[in-house]
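Notes follow once the structure below has been shown.
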Amino acid sequence: MKFVIAVIKPHKLEQVREALAAIGIAGMTTSEAKGFGRQKGQTEIYRGAEYAINMLPKVRLEIAVGDEQVGQVVETIRSAANTQAIGDGKIFVLDLPEVTRIRTGETGELAL
């Protein structure tokens, strides 16, 4: 099993969610995040004054998938979240040694 963590632009969340649903991904966890990478934030002008925004808003997705699905999930997120602009985000894939469904006690891929 794998744990996929994706950090994407907030306006791409619905598009990514729909694309994942189309390939059969039934659930995910999302949270609001702030961060920066190579773009190092951005400069804004408000009422004539220029100021820097160092931490940009992002959305963090967490998805647990079976080993056979991970490639398709990563490619689906990548294509749906891509804007061809700096700051599109990152996708991390981690090993997931154990999962337990609280309600039934199922473990492993049955719990996904």
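Small disclaimer: the values here were computed from a predicted structure and weren't measured.
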| message | Once salt bridge (Lys or Arg N to Asp or Glu O under 4.0 Å) is applied, do any residues pair with D88, and if so which ones, sequence neighbours excluded? | response | K9
| request: Quick one: list whatever passes side chain to side chain donor-acceptor pair (under 3.5 Å) with E14, sequence neighbours left out. | output: R17
| Shortest non-hydrogen contact between V59 and L13, atoms and distance | CG1-CD1, 4.1 Å
| query | How about Q69 and D67: do any of their side-chain heavy atoms sit closer than 4.5 Å? | reply | no
| message | Quick test of your reading: applying salt bridge (Lys or Arg N to Asp or Glu O under 4.0 Å), list the pairs with at least one residue in residues 98-112, sequence neighbours left out, ordered by first then second residue. | response | R101-E106
| said: List the residues meeting salt bridge (Lys or Arg N to Asp or Glu O under 4.0 Å) with E62, not counting sequence neighbours, and say none if there are none. | reply: R60
| Tell me, do V4 and L94 make a side-chain contact under 4.5 Å, heavy atoms counted? | no
| request: Not counting sequence neighbours, which residues clear salt bridge (Lys or Arg N to Asp or Glu O under 4.0 Å) with K12? List them please. | output: none
| With distance as the sole test, does D95 use its side chain to make a donor-acceptor pair with the main-chain N or O of P97 at under 3.5 Å? | no
| If Ile, Leu, Val, Met, Phe, Trp and Tyr residues are connected whenever their side-chain heavy atoms lie under 4.5 Å apart, and connections chain through other members, are F3 and V93 in the same group? | no
| ILVMFWY cluster, V74 and I8 together (side-chain gap under 4.5 Å) | yes
| said: Do M1 and M28 land in one hydrophobic cluster if side-chain heavy atoms of ILVMFWY residues count as linked below 4.5 Å? | reply: no
| Where is the tightest heavy-atom contact between V7 and F92, given as atom of each residue plus distance? | CG2-CE1, 4.4 Å
| query | Going only through I, L, V, M, F, W and Y residues with side-chain contacts under 4.5 Å, is there a path from I77 to V70? | reply | yes
| said: Please evaluate residues K2 and V73 with respect to the criterion side chain to side chain contact (heavy atoms under 4.5 Å, CB included), reporting the C-alpha separation (whole Å), side-chain torsions for both, the decisive distance (0.1 Å), and the verdict. | reply: CA-CA 11 Å; K2 300 291 183 189; V73 167; over 6 Å; no
| Is there side-chain contact between L61 and I5, with heavy atoms separated by less than 4.5 Å? | no
| field | CD-CD distance between E75 and Q72, expressed to the nearest 0.5 angstrom | value | 9.5 Å
| task | Calculate, to the nearest 0.5 Å, the distance between atoms CG and OG1 belonging to L20 and T76 respectively. | result | 6.0 Å
| So do T107 and V99 actually touch side chain to side chain, heavy atoms under 4.5 Å? | no
| remark: Those residues at least two apart in sequence (or on a different chain) that pass side-chain contact (heavy atoms from CB on, under 4.5 Å) with P57 are P10
| query | How close do L112 and A64 get, heavy atom to heavy atom, and via which atoms? | reply | CD2-CB, 3.5 Å
